[in-house]
Every structure is written in structure tokens, then in C-alpha cells.
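Atoms within each ligand, like the ligands themselves, are counted from 1 in listed order. What's counted below: heavy atoms across the whole structure, side chains too, no hydrogens, waters or symmetry copies.
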Amino acid sequence: MQNSPLPNAKPLYDAARDWGADLAAVADTSRLAGIETDPPELLQGYPRAVSMAVHLADGIMDPVTSRPTPLYARHYQNVNALLDHIATRVSGLLQSWGGKALPVPASQILCEERFTASISHKAVAIQAGLGWQGKPTILVTPQFGPRVRLVTVLTDLALPANKPLKNRCAKCTHCVEACPAGAIRNASTALHYATRSEALDLDACVGRLRSNEQEKHIPPYLCGVCVSACPWGKPKDSQKL
Ligand code: SF4
Ligand code: SF4
């Protein structure tokens, strides 16, 4: 880690917001020990991870009640492109401060069988305190619920790290009831899930995602129904928790 810690991460957060991020926070990557990465040594030399989120548009998400829509498909791609742009700018900023930076692409599935990427942006965001792990293993933020997309930049700069939030799903079952595949197990929310299968029937979920591909204008692995259903993400005047 670089020897001269920054006094705070505010200049970084301000810049990320100027470039289009709606949320930004820093995770201590030692809290991610044991997480699967590709390559396995991805986190070596990077004690911090900057997690950033862009809020998906409510006008796009509200109609995603039983299947993804073509408008959501395009929005999803546009937001991922914006996140990659933000991560590139943030990496440049960290490097201009004398640090090393590694931007992880916003959406790049490396193993299609297990549905994994270089690193789980969601796991980083949870450790950075951007939100908690909801019952379908989605990230739920207090500000926008799960209606966000995420990106990560690894760095060796000694940025102050944030702490994880408590899970606030409680007895809510909106996503469980909305899931067209019946894939969400309605697991206890006392802690973050130790394994994905504790919370989700991944085969059922991925099976549904693959069937969505048959629809025109819908790219692989898109659903969004549980994301749309979560009351934490609904516009504030229509929330029902
Ligand atoms: S992504 Fe779709 S199929 Fe998978 S858990 Fe969410 S609602 Fe169910
Ligand atoms: S819909 Fe309810 S249970 Fe599902 S992630 Fe959101 S708050 Fe948690």
C-alpha cells in the first residue's frame, strides 16, 4: 500500500459523481479473503476496492414485472458502458495521485456455467457498505434498492474503508413472490449468505434467464424481475415494505 494515506476519499467520491456515479464507497479487500476471483491472485497488491453504482431509471424498471423488456435491455447495456467509463476515469485519477489502479469491467461473465466474473462487484459493494445482500443475492442499497448497476476499481492507495450495512430485508417477500422461476428460497437474512445456493436455486434462475434470450431484443442473462419488485427500489411514494 502507498505510504501516504489520503486524508479522506471525498475528492474521489466527488469526481466519481461528476462522471456519473450515483453511489461510491471503498472496501477493505482483506474482508474479501476467500472470495473467488479470476485470476485467483487478482486482489494481491490491492488492499482497497472502490465500488461505484449507477441508478437505473425507474421508468425503465417499473414495467419489468414478469420479464425483461427491450427498453431495459438497452438501458442495461448503456449503464454498463457508463460504469466502464467512470471506472476508467477513476483509475486515471488514482494513478495521478501516485497509486496503482485496476478497473474491473462492469459486466463480463468469464464462466458461463457458474455465472462468475473476474470478481463479484456485488461482494465488493457489500463490503464497501453500499448495501446488503437481498434474498435473491442481489445488492439492495438504502437509496435505490437493487435498481443499480455496479463497477469496481482495485487500488493500492490507502483510502479509508467503509463498513458493511446490516441486512434490512426482514420479513419482506416481494422478490420471492415476483420471481417467475420460483428460484428465491426466502432464506434467513441474519447474515450475508455464506453460499449462493443457500439463498437461490441458481439452476432455476439461470434457466429462466436463458429462456428470456429467446425473446427479440433481449441479450443473454437478463431478467430484472426481482430487481424491479424490491420495495426499496421503488419510487418513494409507491414503496410498500
Ligand atoms: S433474476 Fe429473475 S429468475 Fe433469477 S431470481 Fe431474479 S426474478 Fe428470479
Ligand atoms: S424484495 Fe424484499 S426480500 Fe427481496 S431483496 Fe428486496 S427487501 Fe429483500
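Atoms of ligand 2 lying under 4.0 Å from at least one heavy atom of V140, given by number and element, are 5 (S). Ligand-side atoms of ligand 1 in range of V225: 7 (S), range being under 4.0 angstrom from any heavy atom. The ligand atoms of ligand 1 that sit less than 4.0 angstrom from a heavy atom of P180 are 7 (S). For ligand 1, the atoms lying closer than 4.0 Å to a non-hydrogen atom of I184 are 5 (S). Numbered from 1 in the order shown, with element, the atoms of ligand 2 that lie under 4.0 Å from a heavy atom of H174 read 1 (S). Interface of P136 with ligand 2, defined as ligand atoms under 4.0 Å from a residue heavy atom, comprises 5 (S). Atoms of ligand 2 found under 4.0 Å from any heavy atom of W232 (numbered from 1 in listed order, with element): 7 (S). The ligand atoms of ligand 2 that sit less than 4.0 angstrom from a heavy atom of G134 are 5 (S). Close contacts between ligand 2 and K135 involve ligand atoms 3 (S), 5 (S) [criterion: under 4.0 Å to a heavy atom]. Residue C230 has at least one heavy-atom neighbour below 4.0 Å for each of these atoms of ligand 2: 1 (S), 6 (Fe), 7 (S). Counting the atoms of ligand 1 from 1 in the order shown, those under 4.0 Å from a heavy atom of R208 are 3 (S).
Nearest approach of C175 to A229, heavy atoms of both residues: CA-CB, 4.3 Å. Here the shortest heavy-atom pairing between S228 and K234 reads O-NZ, 3.5 Å.
The closest approach between any non-hydrogen atom of A229 and ligand 1 is not below 4.0 Å. Under the 4.0 angstrom criterion for non-hydrogen atoms, P231 is in contact with ligand 2. Note on ligand 1: L200 sits in its first shell, one or more heavy atoms being nearer than 4.0 Å.
In this pair, W232 and W132 present their aromatic rings perpendicular. The plane angle is above 60°, beyond the 30 to 60° band.
Under the 4.5 Å side-chain criterion, counting only non-hydrogen atoms from C-beta, D84 is in contact with P105.
For residue C179, no N/O/S atom approaches atom 4 (Fe) of ligand 1 to within less than 2.8 Å. In summary, an N, O or S atom of C172 is located under 2.8 Å from atom 2 (Fe) of ligand 2.
Protein heavy atom nearest atom 2 (Fe) of ligand 1, with residue, atom name and distance: C223 SG, 2.3 Å. The protein heavy atom nearest to atom 6 (Fe) of ligand 1 is C226 SG, 2.4 Å. Atom 4 (Fe) of ligand 1 has C205 SG, 2.4 Å as its closest protein atom, hydrogens excluded (heavy atom only).
With hydrogens and angles ignored, the 3.5 Å screen pairs no side-chain donor or acceptor of N80 with any backbone N or O of A106. When atom types are taken as modelled, the side chain of D38 and the backbone of A117 share no donor-acceptor pair closer than 3.5 angstrom. Judged by distance alone, the side chain of T29 and the main-chain N or O of Y46 form a donor-acceptor pair under 3.5 Å. H55 contributes no side-chain N or O that, together with a main-chain N or O of F144, makes up a donor-acceptor pair within less than 3.5 Å. Judged by distance alone, with hydrogens and angles left aside, the side-chain atoms of T155 form a donor-acceptor pair with the main-chain N or O of K100 at under 3.5 Å.
Between R147 and D62, at least one side-chain nitrogen of the basic residue sits less than 4.0 Å from a carboxylate oxygen of the acidic one, meeting the salt-bridge criterion.
Other residues, nucleotides and ligands contribute at most 12 non-hydrogen atoms within 6.0 Å of the CZ atom of R74.
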Could you walk me through whether R48 and D156 pass the salt bridge (charged side-chain N to carboxylate O under 4.0 Å, His left out) test, one step at a time?
CA-CA 6 Å; R48 296 289 185 265; D156 65 351; over 6 Å; no
